[in-house]
Structure formats: C-alpha cells, structure tokens
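Below: the structure, in structure tokens.
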There are 2 protein chains.
Amino acid sequence: MRQTNQLIIIKEIFQKYEGHQTANEIYKKAHRRLPAISLATVYRILNTLVTENYLERLNIEEGRYELKKEKHIHFICNKCGKIQNIPGEEQIKSIEENLKKKGMKVSKREIIFYGICKEC
Amino acid sequence: MRQTNQLIIIKEIFQKYEGHQTANEIYKKAHRRLPAISLATVYRILNTLVTENYLERLNIEEGRYELKKEKHIHFICNKCGKIQNIPGEEQIKSIEENLKKKGMKVSKREIIFYGICKEC
DNA sequence: ATATTAAATAAGAATCATTACTATCTTATA
DNA sequence: TATAAGATAGTAATGATTCTTATTTAATAT
Ligand SMILES: [Mn+2]
Ligand SMILES: [Mn+2]
Ligand SMILES: [Zn+2]
Ligand SMILES: [Zn+2]
C-alpha cells in the first residue's frame, strides 16, 4: 500500500478524532488540508482501511467509520444522535460461544442499541 | 388506515412467507397479483407497517423486512447469504439492564452476527 | 345505492450514499 | 533519473429510498 498524501491525511484524521465519522465528514476534513482530494478517493481509502482492519464500519442509516479497537457495543440516542461505546462483551461472548457449539463460525458482528441517553 | 388492495396484498405476502424480504422482493411478489402497484407504494406501506409494529426493519446493506415477532437476534452467512434467527435473549436483556442502571432508556436494537453457517 | 371527500395511489422525478470508469498523476524501485 | 504499477481526480452511473402531483378509491353520510 503506497503512502500517498491522501492516505496519510485520512489516517491522521482518525488518529486526531477517535469518534464515529461519515465518509462525507472525513472528506470535508481532508479537503481542508488537501483541496484537490476527491470523495471517491475517500471512499476507496476507507474501504481499504476496513479491509486491513485499521477501521471498522458501522452500518446505521449512513455508514460511519471509527478506528478499530477492542470490540464493543454501540448505543445511539434517538434524540441527540450521539453514538456511545458501551460495555457488554461478556454477554456477547456467551452468545458467540453458543453459536460456535451449533456449528456457526462468527467473524463479524454489529450490535446497536437505540434509545434515549442519560443527558436527554 | 384504509384497507386498500395494495395494503392487503402486502400483508398477505408477509403472512405467507415469514422470512426477511427486501422492498423489491415484496414489490415483485405484489406485482404478480396487482400489476399496477408501484414501488413507491410498497415503500410507503412498509414504512407504515413498521411504524405500526406490524413489521420490523433490519438494516443490512439493503433494508429487509419481516413480521414483528418475539425479539430475536440475527446471524447472516457471508457465503450463502442466509439470514437466521438465533437465540441469545437472556444475554441481551442483561446488557439492557446494565444500560438502564446507567440511565439510558433502550427502545430498539439491532443485533447481527456475521460468519459462516453450519451448512457452508 | 349514490354522492362526497379525505386518504391512498401511480408514475416518475429527485435525492443521497456509494461505486465505476478512465485519463492523468505519483510513489516506489531500479 | 527513467520506468511502471498503483493511486487519484473528476465525473458518470447505480441503486435504494423519498418526494411530488394529478388521479383514484375506500369509507362515510345521504
Ligand atoms: Mn464505537
Ligand atoms: Mn428475524
Ligand atoms: Zn441524547
Ligand atoms: Zn451459509
């Protein structure tokens, strides 16, 4: 993978802000530093970084990307829209073990709770 | 809510097949019985039925709808694409109780495991 | 049964996220 | 520095979903 300016900048954006960002948000941030960058390039780099396990994609209405870290679960507030990382790993592991016993092999997961957050 | 032909047919499609179907699949099935039906109508009716808790929408790459039944979890095979309903309700309830203790109110959730199914 | 009317529909345009395409450019390497 | 495979910009294309508006229809009152 070639170390292009575009790739370096997008990686830096994720290092600077460890939140859940859309492709378009990344594009706007990258565009400030590299006005010639194209949205298609942002999408291609995001896809590549997901394939390489550098990023993770969260499928909500619009795709959101975040740095790949220890596995976690998401809570999205229906009022303010904030996305939080929440605990629950033991319970999920328990489900995955039961699936394994049944002969299924889990490689990925998407666990999202929706509701009203503490502040709202 | 008016009992239109379009609404009745779409409900019957879900009664006949209790699987996870896309808007377009519904449209094609409905179209056989009512060639004049439009895709926009299918979408509007699906949205209405979700609002009324008759259907549930599963957000994967493409939206998939199924009859609303007891809460459950999904497993999607990366190879054959089959979507299965799997158990794990106790563990999820445990997570939700912890969220409640922290002051969050859960109203909806989306729990999907991806991997390879028993047959593949 | 018929007229009335508010709600639902068909058809197609519009929107929005994402991907495909291709000529041009750039990083890595010799 | 010359070269070539890989990456990019710009833009067209795609696919799912929603919007718009003129027309139709189910429910209700007569
Ligand atoms: Mn997260
Ligand atoms: Mn299901
Ligand atoms: Zn909130
Ligand atoms: Zn399978």
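Proteins come first, then strands; the chains are lettered A, B, ... in the order of their sequence lines, and each starts at number 1.
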Is the side chain of A:E62 donor-acceptor paired with the backbone N or O of A:T22 at a distance under 3.5 Å, no angle test? no

Step through the shown structure and confirm whether more than 12 heavy atoms of other residues, nucleotides or ligands are within 6.0 Å of NZ on A:K79. no

Atom-to-atom span, CD of A:E61 to P of C:dA17 - whole angstrom: 10 Å

When you measure from the side chain of A:H72 to the backbone of A:E70, do you find a donor-acceptor pair of N or O atoms at a distance under 3.5 Å? yes

Side chain to side chain contact (heavy atoms under 4.5 Å, CB included) involving B:K108 - partner list, sequence neighbours excluded: A:Y114

Measure from CD on A:E25 to P on C:dC16 and round the result to the nearest Å. 16 Å

Just how far, in rounded Å, is C1' of C:dA8 from CD1 of B:I8? 13 Å

Please write out the pairs of protein N or O atoms and N or O atoms of nucleotides 2-5 of chain C separated by less than 3.5 Å, giving the distance to one decimal.
none

Spacing between A:I60 atom CD1 and C:dT18 atom P, to the nearest angstrom: 11 Å

Between B:Q6 and C:dA10, is there a contact of a side-chain N or O with OP1 or OP2 at under 4.0 Å? yes

Output, in order, the C-alpha distance, side-chain angles, deciding distance and verdict of salt bridge (Lys or Arg N to Asp or Glu O under 4.0 Å) for B:E12 and B:R32. CA-CA 13 Å; B:E12 283 177 3; B:R32 281 183 221 137; over 6 Å; no

Expressed in angstrom and rounded to an integer, what is the separation of A:K28 atom NZ from C:dA17 atom C1'? 14 Å

Which of residues 32-58 of chain A sit near DNA chain D, with a heavy atom under 4.0 Å from it? A:A36, A:I37, A:S38, A:A40, A:T41, A:R44, A:I45

For A:L7 and D:dG6, give me the distance from atom CG to atom C1', rounded to whole Å. 13 Å

Do B:T41 and B:Y27 touch side chain to side chain, with heavy atoms closer than 4.5 Å? no

With nearest nucleotides of DNA chain D determined for A:M1 and B:E62 from heavy-atom distances, which residue corresponds to the more 5′ nucleotide? A:M1

Does a nitrogen or oxygen in the side chain of A:Q3 sit under 4.0 Å from OP1 or OP2 of C:dT27? no

As a test of understanding, state which of B:E25, B:E110, B:E56 forms a salt bridge (Lys or Arg N to Asp or Glu O under 4.0 Å) with B:R64. B:E25

For D:dT8, does either OP1 or OP2 sit under 4.0 Å from a side-chain N or O belonging to A:T4? yes

B:M104 reachable from A:I112 in the ILVMFWY side-chain graph, under 4.5 Å edges: no

If hydrophobic clusters are built by linking Ile, Leu, Val, Met, Phe, Trp and Tyr wherever their side-chain heavy atoms come under 4.5 Å apart, do B:V42 and B:L34 end up in the same one? yes

